[in-house]
There are 2 protein chains.
Amino acid sequence: MTNNDVLKLENQLCFSIYAASRAITKIYRPFLDTLGITYPQYLVMLVLWEHNTLSLKELGNILYLDSGTLTPLLKRLEGMQLIKRERSREDERVLCVSITEKGLEMKQQAIRIPECILDTMNVDIPLLVTLKKEMDELLISLKKESQVEQEEK
Amino acid sequence: MTNNDVLKLENQLCFSIYAASRAITKIYRPFLDTLGITYPQYLVMLVLWEHNTLSLKELGNILYLDSGTLTPLLKRLEGMQLIKRERSREDERVLCVSITEKGLEMKQQAIRIPECILDTMNVDIPLLVTLKKEMDELLISLKKESQVEQEEK
DNA sequence: CAAAATTATATTGTGCACAATTAAAATTAT
DNA sequence: ATAATTTTAATTGTGCACAATATAATTTTG
């Protein structure tokens, strides 16, 4: 790549990933609309369907989101009665986030979403499998990087 | 993948891409901070460094962003005197967005950013090259998909 | 050519993301 | 035990994203 090309948009991996992320969210939207939730809210539900109860901090560690993002998002999910928010008995600082009965029922409606998404995307499955593996490899490297930054503080 | 696993977070390509996109933006932030712009603003600058003048619509087509996102963003860049916003003579509806002298000067400061990012990410270059190619392949498929949706309206 | 349809941008409203700050509870150190 | 530190969430403020709507200019139709 010549010196003149390094700033061309078409040469930026970051933009491909940024654009793909938004395009994929757009594919989820109509399906999530029928559930009445947004894409980030869906991610929280995925985690809680798997774990039932987690502290806000644990949830944040899994999704790489902080309280500034999660607090209002969780309050909305609580407003829909899909989750519960309550302080821990042992440690009043920690907020326990847990799935409700209604939240668990939604899992049955959501179970078809992944295959619906695949059908709608209309993309080579092998490409998706490869991409998943490579993206996770990238994420691991980036995670290490952010740990280095943390330690420098 | 068993029926029970389809909703696990670790099996969602969408999440890997979503998380990677945010992680990468985080790497850009300190470098862009020294320029005084955000990541989406940087993308606009990349496009304008390449094209000098574009209508808002053309800019939106390139970045997959609409006027709701771009109008306020461009007003901020204009406030920093990095770009100009003016109506076209031939067609008063179209907004011509163009780079200013000051905006062009910023390109010299930005020229090192891509290699700084690479250094900071500390990731296998071959992995990045492969990922770029595959992400673009995915994007093309998703673009076709969204065209289908458009035609259905 | 006037009415209807289309096109381009702006505006409004909602919901993330995230940095920075605040506040309260728990832990550690003196 | 109390003061200092650390930990956990909540709050505040800024800037995207994007759907929905509004507005004004242009083009197409009857």
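Residue numbers begin at 1 in each chain, while the letters A, B, ... track the order of the sequences.
- The listed nucleotides are D:dA17, C:dA25, C:dT9; the one nearest the side chain of B:P40 is D:dA17.
- In this structure, D:dT2 and C:dA29 make a Watson-Crick or G-U wobble pair, each of the two defining distances being under 3.5 angstrom.
- Residue A:T25 is classed as having no contact, given no heavy-atom separation below 4.0 Å to the nucleic acid.
- Ring geometry, A:Y28 versus A:Y42: the interplanar angle falls from 30° to 60°, so the pair is classed tilted.
- Distances shorter than 4.0 Å separate none of the side-chain N or O atoms of A:Q41 from OP1 or OP2 on C:dG15.
- Aromatic rings from B:Y18 and A:Y39 are positioned such that their centres are separated by under 6.0 Å.
- Close to C:dA8, at under 4.0 Å from its OP1 or OP2, lies no side-chain N or O of B:R85.
- With hydrogens and angles left out, the side-chain atoms of A:K132 and B:S16 include a donor and acceptor closer than 3.5 Å.
- For the pair A:E78 and A:K75, the salt-bridge criterion is not met [side-chain N within less than 4.0 Å of a carboxylate O].
- The residue B:E58 sits apart from the nucleic acid: no heavy atom pair falls under 4.0 Å.
- Judged by atom type and distance alone, B:R93 does not reach the base of C:dT9 through any side-chain donor-acceptor pair under 3.5 Å.
- When the C1' atom of C:dG15 is taken as reference, atom CG of A:L32 falls 14 Å away, rounded to whole Å.
- Rounded to whole Å, atom P of D:dT7 lies 19 Å from atom CD of A:E90.
- You'll find that the side chain of A:R76 is closest to C:dG15, out of D:dA17, C:dT9, C:dG15.
- Here the nucleotide nearest the side chain of A:K57, chosen from D:dT8, C:dA19, C:dA10, is D:dT8.
- Atom CG in A:D66 sits roughly 17 Å away from atom P in D:dG13 (whole-Å rounding).
- Residues A:Y18 and A:R87 both approach DNA chain D. Their nearest nucleotides, taken by heavy-atom distance, put A:R87 toward the 5′ side.
- When heavy atoms are screened at a 4.0 angstrom cut-off, A:T38 is found touching the sugar-phosphate backbone but no base atom.
- For B:D91, counting side-chain heavy atoms from C-beta on, the closest listed nucleotide (C:dA17, D:dA9, D:dT26) is D:dT26.
- Comparing A:A23 and A:S55 against DNA chain D, the residue whose closest nucleotide sits nearer the 5' end is A:S55.
- Here D:dC16 presents its C1' atom at 15 Å from CG of B:L59, a figure rounded to the nearest Å.
- For C:dG15, the OP1/OP2 oxygens have no side-chain nitrogen or oxygen of A:K75 closer than 4.0 Å.
- Nearest-nucleotide assignment on DNA chain C puts the 5′-proximal partner with A:Y39, out of A:E92 and A:Y39.
- Counting any heavy atom pair closer than 4.0 Å across all strands shown, B:L70 reaches no nucleic acid atom.
- In this entry the distance linking CG of B:L73 with C1' of D:dC18 reads 14 Å, nearest Å.
- A straight line from CZ of A:R22 to P of C:dA17 spans 12 Å, rounded to a whole angstrom.
- At least one side-chain heavy atom of B:L74 sits under 4.5 Å from a side-chain heavy atom of B:L59.
- Between the NZ atom of B:K26 and the C1' atom of C:dC18 there is a distance of 7 Å, rounded to whole Å.
- In this structure, B:R112 pairs ionically with B:E115, as a charged nitrogen and a carboxylate oxygen lie closer than 4.0 Å.
- Residue B:S67 places a side-chain atom within donor-acceptor reach of the base of C:dA10, judged by atom type and a 3.5 Å distance cut-off alone.
- Comparing D:dC18, C:dT11, C:dA19 against the side chain of B:T69 picks out D:dC18 as the nearest.
- When rounded to the nearest whole Å, the span between CG of B:L95 and P of C:dT7 equals 19 Å.
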